[in-house]
Amino acid sequence: KDARVPVGDGPDATLKRRLKEEQDPLILGPLIRGLDMVTDPKIAALVCGRLGMDSDLVRESTVMLFERTEEPTVIEWLRTTGLADADPLVRAHVARALGTLKVAAARPTLEALLDDGHWLVRANAAQALASIADPASLPVLIAKVEDANPKAWISKADALASFGAA
């Protein structure tokens, strides 16, 4: 079980407990998807902790939830803590959400993730940079376009193309 965030008591205790303990992806995915948005970084941490579950339903529900999030403290948590998580699936899916949200402050970290050890992190970081569309990322994308993994390479090439530099 994920020990990143203690469940504790309080108004969100039941939700936190369910997010932390649910093992059935057919229940957890809709639970996550049913949240309107994340307003508490502790909830973001619990949801991120579930990205390791072998379930596309849980992963896509999590990304959809984060893409609806407007709370600045949660976005900052995703940008700083989420992108630095030890789990590559967390880094990859948080990068994707931050790109959709066009969080310009994430640009330096996303550029660094173009060298990540996991292909999906590299691919999602490239796509996030394309979504943010800051021309300052173009030299970094050009320098790091080569990739041994064909999926990451295609994602990087697509990101370059979005700048008209392919």
Do L114 and L129 make a side-chain contact, defined as non-hydrogen atoms from C-beta onward lying under 4.5 Å apart?
yes

Is a side-chain N or O of D134 found less than 3.5 angstrom from the main chain of S137, in a donor-acceptor match?
no

Below 4.5 Å, heavy atoms only, C-beta onward: do L138 and L160 meet side chain to side chain?
yes

Under a 4.5 Å cut-off applied to non-hydrogen side-chain atoms, are L31 and L15 in contact?
yes

State, yes or no, whether a side-chain contact exists between M53 and L28 at a heavy-atom distance under 4.5 Å.
yes

Taking atom CZ as the centre, does R33 end up with more than 12 heavy-atom neighbours from other residues, nucleotides or ligands that are less than 6.0 angstrom away?
no

Strictly distance-based, threshold 3.5 Å: is any side-chain N or O of R50 a donor or acceptor partner for the main-chain N or O of P25?
no

State whether the side chain of K156 and the backbone N or O of K144 hold a donor-acceptor pair below 3.5 Å, judged by distance alone.
yes

Beyond-backbone contact of T62 with F66, side-chain heavy atoms, under 4.5 angstrom
yes

Decide whether I75 and L46 are clustered together by the hydrophobic rule: side chain heavy atoms of Ile, Leu, Val, Met, Phe, Trp, Tyr closer than 4.5 Å, transitively.
yes

So which atom in F163 and which in L141 form the shortest heavy-atom distance, rounded to 0.1 Å?
CE1-CD1, 3.6 Å

S162 side chain to A159 main-chain N or O, any donor-acceptor pair under 3.5 Å?
yes

For the pair R91 and D85, find out whether any cationic side-chain nitrogen is under 4.0 Å from an anionic carboxylate oxygen.
no

If we only count heavy atoms from C-beta on, is the S155 to R122 side-chain gap below 4.5 Å?
no

Flag, side chain of N124 to backbone of A92, donor-acceptor distance under 3.5 Å
yes

Would you check if there is a donor-acceptor pair between the side chains of T73 and E71 at a distance under 3.5 Å?
yes

What pair of heavy atoms forms the shortest contact from Q23 to K20, and how long is it?
NE2-O, 4.4 Å

Looking only at heavy atoms, which two atoms of W77 and C48 are closest? And how far apart?
CZ3-SG, 3.7 Å

Which heavy-atom pair separates L120 from H93 by the least distance, and what is that distance?
CD2-CE1, 4.1 Å

Any donor-acceptor N/O pair, R59 side chain to L51 backbone, under 3.5 Å
yes

More than 12 heavy atoms from other groups under 6.0 Å of CH2 on W119:
yes

Taking atom CG of D40 and atom NZ of K42, what is their separation to the nearest 0.5 Å?
6.5 Å

How many angstroms lie between OG1 in T69 and CG in L65, if you round to the nearest 0.5 Å?
5.0 Å

When you group the ILVMFWY residues by side-chain heavy-atom contacts below 4.5 Å and let the links chain together, are L19 and M64 in the same group?
no

Group every Ile, Leu, Val, Met, Phe, Trp and Tyr by side-chain heavy-atom contacts under 4.5 Å, then state whether I43 and V74 land in the same group.
yes

ILVMFWY cluster, L110 and L101 together (side-chain gap under 4.5 Å)
yes

Return yes when atom CZ of R18 has more than 12 non-hydrogen atoms of other residues, nucleotides or ligands closer than 6.0 Å, and no otherwise.
no

Residues that E22 engages under salt bridge (Lys or Arg N to Asp or Glu O under 4.0 Å), provided they are two or more places apart
none

List the atom of P30, the atom of L57, and the distance in Å for their closest heavy-atom pair.
CD-CD2, 4.0 Å

Do you know which two heavy atoms are closest between V121 and P88, and how far apart they sit?
CG2-O, 3.2 Å

Using side-chain heavy atoms (C-beta onward) and a distance below 4.5 Å, is L98 in contact with L83?
yes

According to a hydrophobic-cluster definition based on side-chain heavy atoms being under 4.5 Å apart (Ile, Leu, Val, Met, Phe, Trp, Tyr only), do V63 and V58 belong together?
no

Any side-chain heavy atom of Q127 within less than 4.5 Å of one from R96?
no

